[in-house]
Amino acid sequence: MDTIANLITSIRNAEIARIKVIRVAYTKNNEIILKILLQERFLENIRKHQENTKSFLVLTLCYRRDRENRRILNLKRISRPGLRIYSSYQKIPIILGGRGVVILSTSQGIMTDGEARRKKIGGEILFYIW
């Protein structure tokens, strides 16, 4: 089961359907990725919710007032369980001239392309978001 792909698909589907609040399964990796997306202002809010013994993350998507009240949000999964894609810090792709973000899994944790370049470490490219 690919929890990162499930997370990306949930966000993409909510964006297409213009749903503002969604619920995704809680995993440590999902929580770290969502905190990065919150810092990059792709999400408005994240909170942890628990029902019985199951934990969930409740996300509030960010919408702008212009362009039909919708934030243009594209997500593309790059590395997957059947095909891992790795990159050195010099070869991390730049998305839309720096307006997009590359999320990487490195030896020092999950981080954005900018952080990885500053720390001069490469890693597995998880997905692009723009």
Side-chain angles (χ1 to χ4, degrees):
M1 181 183 230
D2 189 6
T3 58
I4 296 172
N6 291 344
L7 171 69
I8 291 170
T9 302
S10 295
I11 294 172
R12 186 184 308 119
N13 289 344
E15 180 69 27
I16 291 168
R18 297 184 184 177
I19 297 170
K20 188 162 173 102
V21 179
I22 61 170
R23 188 172 80 166
V24 295
Y26 174 82
T27 65
K28 197 75 163 162
N29 284 339
N30 281 354
E31 183 178 29
I32 294 168
I33 289 169
L34 292 172
K35 284 182 181 178
I36 291 171
L37 295 180
L38 183 65
Q39 289 172 353
E40 295 292 327
R41 297 184 181 172
F42 287 105
L43 297 176
E44 194 174 297
N45 190 16
I46 304 167
R47 71 178 189 273
K48 190 174 176 182
H49 180 70
Q50 191 164 355
E51 286 182 8
N52 299 330
T53 59
K54 294 184 180 182
S55 295
F56 298 96
L57 292 168
V58 179
L59 318 176
T60 306
L61 299 180
C62 209
Y63 289 98
R64 295 188 296 192
R65 299 270 183 242
D66 58 354
R67 291 194 146 195
E68 302 173 6
N69 291 335
R70 183 168 179 219
R71 179 174 179 88
I72 297 174
L73 183 67
N74 291 311
L75 295 146
K76 183 175 182 186
R77 178 80 158 126
I78 303 302
S79 188
R80 50 193 167 87
L83 179 64
R84 304 287 186 186
I85 306 294
Y86 297 93
S87 176
S88 66
Y89 77 94
Q90 297 103 338
K91 295 184 179 181
I92 296 172
I94 298 172
I95 307 300
L96 289 179
R99 286 184 282 173
V101 178
V102 179
I103 305 295
L104 296 114
S105 176
T106 67
S107 60
Q108 295 181 11
I110 297 174
M111 61 182 68
T112 64
D113 56 336
E115 288 179 78
R117 284 190 191 99
R118 277 193 299 277
K119 294 181 179 182
K120 296 187 177 183
I121 53 175
E124 180 183 353
I125 300 174
L126 297 177
F127 63 94
Y128 304 151
I129 183 168
W130 69 94

(message) In the structure I gave you, are the side-chain heavy atoms of F42 and I129 within less than 4.5 Å of one another anywhere?
(response) yes
(request) Sequence neighbours left out, what passes side-chain contact (heavy atoms from CB on, under 4.5 Å) with Q108? Give chain and number order. (result) T106, M111, K119, I121
(request) For residues P93 and I125, determine if any side-chain heavy atom of one lies less than 4.5 Å from a side-chain heavy atom of the other. (result) yes
(message) Nearest 0.5 Å, please: how far is CD1 in I11 from CD1 in I16?
(response) 12.5 Å
(request) Report yes if some heavy atom in the side chain of L104 is under 4.5 Å from a heavy atom in the side chain of I110; otherwise report no. (result) no
(message) Test of understanding: with side chain to side chain donor-acceptor pair (under 3.5 Å), list the residues that count as partners of S88, not counting sequence neighbours.
(response) Q90
Show every donor-acceptor pair shorter than 3.5 Å between a side-chain atom in residues 80-87 and any protein atom, with sequence neighbours excluded, or say none if there are none.
residue	atom	partner	partner atom	Å
R84	NH1	E124	OE2	3.0
S87	OG	K91	O	3.2
S87	OG	I92	N	3.3

(message) Can you confirm whether L57 sits close enough to I22 that some side-chain heavy atom of one is under 4.5 Å from a side-chain heavy atom of the other?
(response) no
(request) Answer whether the closest heavy-atom distance between the side chains of I95 and R99 falls below 4.5 Å. (result) no
(request) Begin with the C-alpha distance, continue with both residues' side-chain angles, and end with the deciding distance and a verdict on side chain to side chain contact (heavy atoms under 4.5 Å, CB included) for L75 and Y128. (result) CA-CA 6 Å; L75 295 146; Y128 304 151; over 6 Å; no
May I have the list of side-chain donor-acceptor pairs in residues 1-8 shorter than 3.5 Å, sequence neighbours left out?
residue	atom	partner	partner atom	Å
D2	OD1	R77	NH2	3.0
D2	OD2	R77	NE	3.4
D2	OD2	R77	NH2	3.1

(message) Could you work out, with side-chain contact (heavy atoms from CB on, under 4.5 Å) as the rule, every residue matching E51, not counting sequence neighbours?
(response) R23, H49, F56
(message) Checking K35 now: which residues fulfil side-chain contact (heavy atoms from CB on, under 4.5 Å) with it, not counting sequence neighbours?
(response) E31
(request) With sequence neighbours left out, write down each residue that passes salt bridge (charged side-chain N to carboxylate O under 4.0 Å, His left out) with K20, or none if nothing qualifies. (result) E44
(message) Within a 6.0 Å radius of atom CD1 on I19, are there more than 12 heavy atoms belonging to other residues, nucleotides or ligands?
(response) yes
(request) Sorted by first residue and then second, give each salt bridge (charged side-chain N to carboxylate O under 4.0 Å, His left out) pair with at least one member in residues 101-117; sequence neighbours left out. (result) D113-R117
(message) Which residues end up grouped with V21 if you chain together Ile, Leu, Val, Met, Phe, Trp and Tyr wherever their side-chain heavy atoms are less than 4.5 Å apart?
(response) V58
(request) Using side-chain contact (heavy atoms from CB on, under 4.5 Å) as the criterion, list what pairs up with S55, not counting sequence neighbours. (result) Y26, K48, Q50
(request) For the pair F127 and I33, evaluate side chain to side chain contact (heavy atoms under 4.5 Å, CB included) and give the outcome as yes or no after the intermediate values. (result) CA-CA 10 Å; F127 63 94; I33 289 169; 3.6 Å; yes
(message) Checking side-chain contact (heavy atoms from CB on, under 4.5 Å) between L43 and each of I36, T60, L34, which is the one that passes?
(response) L34
